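Computed from a prediction, not measured in an experiment: that's the story for all the values here. Keep in mind that the numbers below use all heavy atoms, side chains included, and drop hydrogens, waters and symmetry copies.
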Amino acid sequence: MNNLFKTMLCGGAALMLAGTSVAQTRPAFSETDFSTIQSPNTNPFGLVYRGAITQNETRKVNIHRITYDLNGLKIVANVYTPAGYDASKTYPALVVAHPNGGCKEQVAGLYSQRMTEQGYICLAFDAAYQGGSEGEPRNVDKPANRIEDIRRACDILAQYPGVDAKRIGILGISEAEVTHSRRHKLTNGSRRLPH
């Protein structure tokens with residue numbers, strides 16, 4: 001009986017280690033071509049604010065659609081890269097969390113674009129259960145969910161090419177800011193910045 005238990009324990013440990021190595025080789029996020037997405041308005045990226053990016057151009061701020069997993073749900077996000085972006089360089093970065101009932105194409109997109117114009121790489125995401133992200137019932141916004149959304153977005157942004165993982169901040173708008181204030185530190189390296 002003792003040998004059987006040892007064999008099962010060793011076999012289980014081997015399976016766990018094999019699963020870990022597979023998970024580590026899988027990319028953390030996937031890029032999506034905007035041409036495959038139907039915009040709900042005249043902006044090809046679905047952005048709704050004045051002065052929004054209408055196309056990706058060399059030597060200007062650009063926008064990239066990515067998706068990633070959060071507890072089995074597909075989360076949709078836009079990553080904004082600065083003018084002259086070079087993945088071999090490092091940049092400070094911000095996760096930009098939209099307010100309750102909002103989405104990444106609204107005020108979170110505006111703040112992301114403006115901060116990217118200042119040299120940051122920004123990630124604006126649709127929180128789980130909202131916007132283009134998955135989750136039922138729709139439009140649920142609980143502080144515990146939002147904390148997990150922001151934590152995962154920080155982890156994803158840290159893996160984006162060119163992001164300096166030691167210089168990631170969080171910009172929360174409205175309720176998202178209050179949620180961040182309650183949990184002063186969500187991940188290593190993120191902290192509340194003064195207003």
Side-chain angles (χ1 to χ4, degrees), residues 20-39 43-47 49 51-71 73-98 103-128 131-134 148-173 176 180 185-193:
T20 300
S21 66
V22 169
Q24 290 172 346
T25 60
R26 221 175 66 210
F29 60 88
S30 300
E31 290 211 33
T32 304
D33 182 359
F34 271 105
S35 67
T36 64
I37 302 166
Q38 183 176 353
S39 175
N43 183 290
F45 306 118
L47 305 174
Y49 50 89
I53 299 167
T54 57
Q55 62 183 359
N56 284 333
E57 300 178 60
T58 306
R59 295 194 178 103
K60 291 192 175 183
V61 169
N62 282 274
I63 185 172
H64 313 274
R65 172 70 51 92
I66 66 168
T67 59
Y68 55 90
D69 180 73
L70 171 66
N71 301 324
L73 300 175
K74 182 170 82 172
I75 303 300
V76 180
N78 291 335
V79 176
Y80 294 73
T81 53
Y85 168 73
D86 178 349
S88 68
K89 295 181 180 178
T90 59
Y91 301 84
L94 289 171
V95 167
V96 182
H98 64 76
C103 65
K104 67 191 173 305
E105 292 85 6
Q106 296 171 337
V107 70
L110 171 63
Y111 278 80
S112 294
Q113 184 174 329
R114 297 297 181 253
M115 292 306 293
T116 301
E117 290 167 356
Q118 302 304 311
Y120 288 82
I121 293 176
C122 293
L123 185 149
F125 64 96
D126 283 334
S133 293
E134 293 180 340
E148 286 305 311
D149 285 322
I150 294 169
R151 187 175 283 153
R152 182 66 173 142
C154 287
D155 292 342
I156 294 298
L157 187 56
Q159 297 174 62
Y160 198 83
V163 168
D164 181 345
K166 294 178 182 169
R167 295 190 298 161
I168 296 176
I170 301 167
L171 194 158
I173 303 163
H180 180 235
K185 191 169 181 178
L186 297 174
T187 61
N188 290 340
S190 72
R191 59 190 167 87
R192 185 167 186 219
L193 303 175

Residues at least two apart in sequence or cross-chain that pass side-chain hydrogen bond (donor to acceptor under 3.5 Å, both in side chains) with N78, listed by chain then number, are R65
Taken to the nearest 0.5 Å, the spacing of I150 CD1 from L171 CG works out to 10.5 Å
Compare all side-chain heavy atoms of I63 with those of T116 and state whether any distance is below 4.5 angstrom. no
Across all chains, not counting sequence neighbours, the ring pair (Phe, Tyr, Trp, His ring centres under 6.0 Å) partners of F34 are F45
With sequence neighbours left out, the residues meeting ring pair (Phe, Tyr, Trp, His ring centres under 6.0 Å) with Y111 are none
Shortest non-hydrogen pair, G119 vs P92, comes out as O-CD, 3.9 Å
Applying side chain to side chain contact (heavy atoms under 4.5 Å, CB included) to S133 and not counting sequence neighbours gives I75, V76, D126
Taken in chain and number order and not counting sequence neighbours, the residues that satisfy salt bridge (charged side-chain N to carboxylate O under 4.0 Å, His left out) with K60 are E57
Note: K104 and G132 closest approach over all heavy atoms is NZ-N, 4.4 Å
Contacts of Y91 meeting ring pair (Phe, Tyr, Trp, His ring centres under 6.0 Å) (sequence neighbours excluded), chain-then-number -> Y85
Of all heavy-atom pairs linking A108 and H98, the shortest is CB-CB, 3.8 Å
Report yes if the side chains of I173 and V96 come closer than 4.5 Å at any heavy-atom pair, otherwise no.
-> yes
By side-chain hydrogen bond (donor to acceptor under 3.5 Å, both in side chains), Q118 pairs with (sequence neighbours left out) none
SG of C122 to OH of Y160, rounded to nearest 0.5 Å, is 12.0 Å
Hits for side chain to side chain contact (heavy atoms under 4.5 Å, CB included) against A52, two or more places apart or cross-chain, chain-then-number order -> N43, L47, Y49, Q113
One should read off an interatomic distance between Y80 OH and N56 CG, to the nearest 0.5 angstrom, of 10.5 Å
Sorted by chain and residue number, the side-chain hydrogen bond (donor to acceptor under 3.5 Å, both in side chains) partners of T81 (sequence neighbours excluded) come out as H64
D86 meets the side-chain hydrogen bond (donor to acceptor under 3.5 Å, both in side chains) criterion, sequence neighbours left out, with S88
E117 meets the salt bridge (charged side-chain N to carboxylate O under 4.0 Å, His left out) criterion, sequence neighbours left out, with R114
Note to self: Looking at Y120, I want to see if its OH is surrounded by more than 12 non-hydrogen atoms of other residues, nucleotides or ligands under 6.0 Å.
What the structure shows: no
Residues passing the side chain to side chain contact (heavy atoms under 4.5 Å, CB included) test with T36, sequence neighbours excluded, are T32, D33
Residues P82 and I121: closest non-hydrogen pair is CD-CG1, 3.7 Å
Rounded to the nearest 0.5 angstrom, the CG-CG distance for L123 and L157 is 5.5 Å
Pairwise side-chain contact, F29 with V79, heavy-atom cut-off 4.5 Å (strictly under): no
Scanning both residues in full, the closest heavy-atom pair of A158 with V163 reads CA-CG1, 4.1 Å
When every non-hydrogen atom of E31 is compared with those of I66, the smallest separation belongs to CG-CG2, 3.9 Å
